[in-house]
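So you know, we letter chains A, B, ... as the sequences are listed, proteins then strands, and number each from 1.
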Number of protein chains: 2
Amino acid sequence: MRVLVVEDDEDLRIAVSAGLRSAALAVDSAGDIATADEALFVNSYDCVVFDRMLPDGDSVGYVRTRRREGWAVPVLFLTARDTLADRVEGFEHGGDDYLVKPFAVAELTARVLSLCRRAGTGRPPVLRYDDVELDTGRREVRRAGVLLTLTAKEFSVLEYLISRAEQVVSRTDLIEHCWDSAADPMSNVVDVTIKRLRTKLRRPELVHAVRGQGYRLVRTAE
Amino acid sequence: MRVLVVEDDEDLRIAVSAGLRSAALAVDSAGDIATADEALFVNSYDCVVFDRMLPDGDSVGYVRTRRREGWAVPVLFLTARDTLADRVEGFEHGGDDYLVKPFAVAELTARVLSLCRRAGTGRPPVLRYDDVELDTGRREVRRAGVLLTLTAKEFSVLEYLISRAEQVVSRTDLIEHCWDSAADPMSNVVDVTIKRLRTKLRRPELVHAVRGQGYRLVRTAE
DNA sequence: CCTCACGTGTCATCGAAATGTCATCGTCGC
DNA sequence: GCGACGATGACATTTCGATGACACGTGAGG
């Protein structure tokens with residue numbers, strides 16, 4: 001799960017990013033609409049957190065424009081109390097949410113996670129593949145009923161793999177969805193993470209390497 | 001994102017193309033099915049906008065034919081109100097959409113973007129030829145239902161052959177599509193790969209050599 | 001403030017699998 | 001039967017994933 005945070009106040013941006021990261025999300029951030037627009041163009045995000053007022057304009061207007069083009073990524077707006085009134089403008093449509101400043105980072109995190117989940121349009125909160133169960137809400141993984149302790153990255157990678165069950169997922173896909181833009185696409189982080197995941201799953205064949213293409217989950221009946 | 005617009009009315013074609021370009025899409029256009037077919041052959045598009053009636057035929061028929069070959073690019077049809085009735089023919093299947101003339105360009109743009117996105121999320125296509133099934137998402141190939149383990153090159157070559165089913169494909173074509181530019185066009189890599197592919201398919205006659213021309217898939221009516 | 005545990009990323013190495021090269025053989029069309 | 005071209009098997013090379021060791025940063029707790 002990858003999130004973009006757009007907020008001009010640097011302290012707040014850092015705090016929010018840190019909070020989201022601790023929930024196993026990959027976070028990029030921007031300080032204004034122009035930078036955000038660029039990031040949105042280059043990467044794909046599961047959710048965007050927009051401060052309402054930014055140095056180069058009102059983010060609601062920006063989002064509304066993008067929506068007309070068919071853009072559908074869920075957005076959470078951060079509003080100052082005095083701008084609260086015009087929330088009825090309807091920007092909470094399209095599965096969006098808002099939060100009034102000041103707010104608890106934990107609260108924001110919960111909402112962002114909920115938005116990400118909702119984006120999967122009816123995607124069940126507990127993903128399953130073979131004897132693996134991944135509870136997106138509790139952030140728990142069980143294999144054959146046994147609870148495993150996965151790290152944030154491992155969880156995130158497994159979640160993505162399950163959501164694309166049986167399909168081949170390239171390293172690039174994984175880097176784009178589970179790491180933020182600071183990640184080096186040339187390194188073998190993905191390999192290493194997969195290896196650690198395999199070890200913890202205690203069933204290495206489950207995550208199958210497709211030479212030159214990436215990885216895919218396979219039922220081990222083969 | 002790259003889109004092909006097929007429309008015989010030049011004014012409309014220009015208007016539509018301009019609208020789509022303003023949404024940051026790369027747009028090519030054609031005035032009839034023949035030209036469109038050529039463009040589709042040469043390039044790959046994320047979406048195609050087809051006028052329903054074209055000087056050289058009904059585009060629905062064309063699309064249906066291509067679909068049978070496993071072609072899966074999403075299509076949006078532009079229909080005149082009086083042909084609307086037969087939309088129930090079912091051409092909106094396979095992730096397709098239609099729009100009744102006259103329409104707002106903004107509306108069209110939104111739908112095209114939505115189709116492009118959906119294409120990304122939807123299941124990747126399964127190509128078929130005779131008793132050979134090639135699942136591009138899982139990177140699996142089955143013959144007569146039996147799962148085969150092909151290498152990346154073999155897969156890529158087979159994919160290309162199926163996408164050009166029954167057509168003669170020259171070695172040069174194959175080198176250009178399945179190898180990177182470092183490949184030596186004088187070597188016999190292609191021959192060797194074809195040989196390995198034949199062996200794994202356990203039905204050598206399927207990939208038929210056309211002396212001096214290249215290779216083609218043939219149904220073994222023998 | 002120090003230390004320790006943990007998450008995460010980097011690197012070097014190893015070995016298997018994939019790919020390419022080459023020499024030789026077979027066969028198709030004239 | 002001849003010659004060109006494709007088929008084939010053996011062998012060489014390259015590529016890529018797996019793996020273990022290690023490095024760095026951070027946060028909790030003493």
- From CG of A:L197 across to C1' of D:dT19 the rounded distance in Å is 16 Å

- Message: Reading DNA chain C from 5' onward, which residue's closest nucleotide shows up sooner: A:V192 or B:V189?
- Response: A:V192

- Phosphate OP1/OP2 of C:dC11: any A:S187 side-chain N/O under 4.0 Å: no

- Options D:dG9, C:dG20, D:dA7, nucleotide nearest the side-chain atoms of B:K195: D:dG9

- Is a salt bridge present between A:D135 and A:R142, judged by a nitrogen-to-oxygen distance below 4.0 Å? no

- Separation of D:dG17 atom C1' from A:E205 atom CD, nearest Å, is 16 Å

- Task: To the nearest 0.5 angstrom, please state how far the OH atom of A:Y160 sits from the CZ atom of A:R2.
- Result: 11.5 Å

- Query: What's the CD1-P distance between B:I194 and D:dG9, to the nearest Å?
  - Reply: 16 Å

- Query: Rounded to the nearest Å, what distance is computed from the CD atom of residue A:E154 to the P atom of nucleotide C:dC6?
  - Reply: 13 Å

- Message: What is the separation between atom CE on A:M186 and atom P on C:dC11, rounded to the nearest whole Å?
- Response: 12 Å

- With a cut-off of 6.0 Å (strictly less than), are more than 12 heavy atoms of other residues, nucleotides or ligands near CD of A:Q213? yes

- Task: Among the candidates C:dT8, C:dC22, D:dT19, find the nucleotide nearest to the side-chain atoms of A:T151.
- Result: C:dT8

- D:dA4 P sits how many Å from B:R171 CZ, rounded? 16 Å

- Query: Is there a side-chain polar atom (N or O) of A:W179 under 4.0 Å from OP1 or OP2 of C:dT8?
  - Reply: no

- Task: Report which part of the nucleic acid A:R21 touches: base, sugar-phosphate, or nothing (heavy-atom distance under 4.0 Å, all strands).
- Result: nothing

- Item | Closest-nucleotide ordering on DNA chain C, the 5'-leading residue of B:K200 and B:D184 | B:K200

- Figure out the CZ/P separation between B:R198 and D:dG9, and round it to whole Å. 12 Å

- Item | Selection from D:dG20, C:dT19, D:dG17 that lies nearest to any side-chain heavy atom of B:A152 | C:dT19

- Query: Is A:R211 near enough to C:dA16 that one of its side-chain N or O atoms lies under 4.0 angstrom from OP1 or OP2?
  - Reply: no

- Name the nucleic acid region contacted by A:Y215, choosing base, sugar-phosphate or nothing; use a 4.0 angstrom heavy-atom cut-off, strictly under. sugar-phosphate

- Query: How long is the line joining CG of A:D191 and C1' of C:dT10, in whole Å?
  - Reply: 12 Å

- Where the side chain of A:R196 is concerned, which of D:dG3, D:dG17, D:dA21 is the nearest nucleotide? D:dA21

- Task: Answer with base, sugar-phosphate or nothing: what part of the nucleic acid does A:N188 contact at a heavy-atom distance below 4.0 Å?
- Result: base

- Query: Taking the six-membered ring of A:Y215 as reference, does the NZ or CZ atom of A:R198 fall below 6.0 Å from its centre and within a 45° cone about the axis?
  - Reply: no

- Message: I'd like to check A:F50 versus A:L76 (side-chain heavy atoms, cut-off strictly below 4.5 Å). Are they in contact?
- Response: no

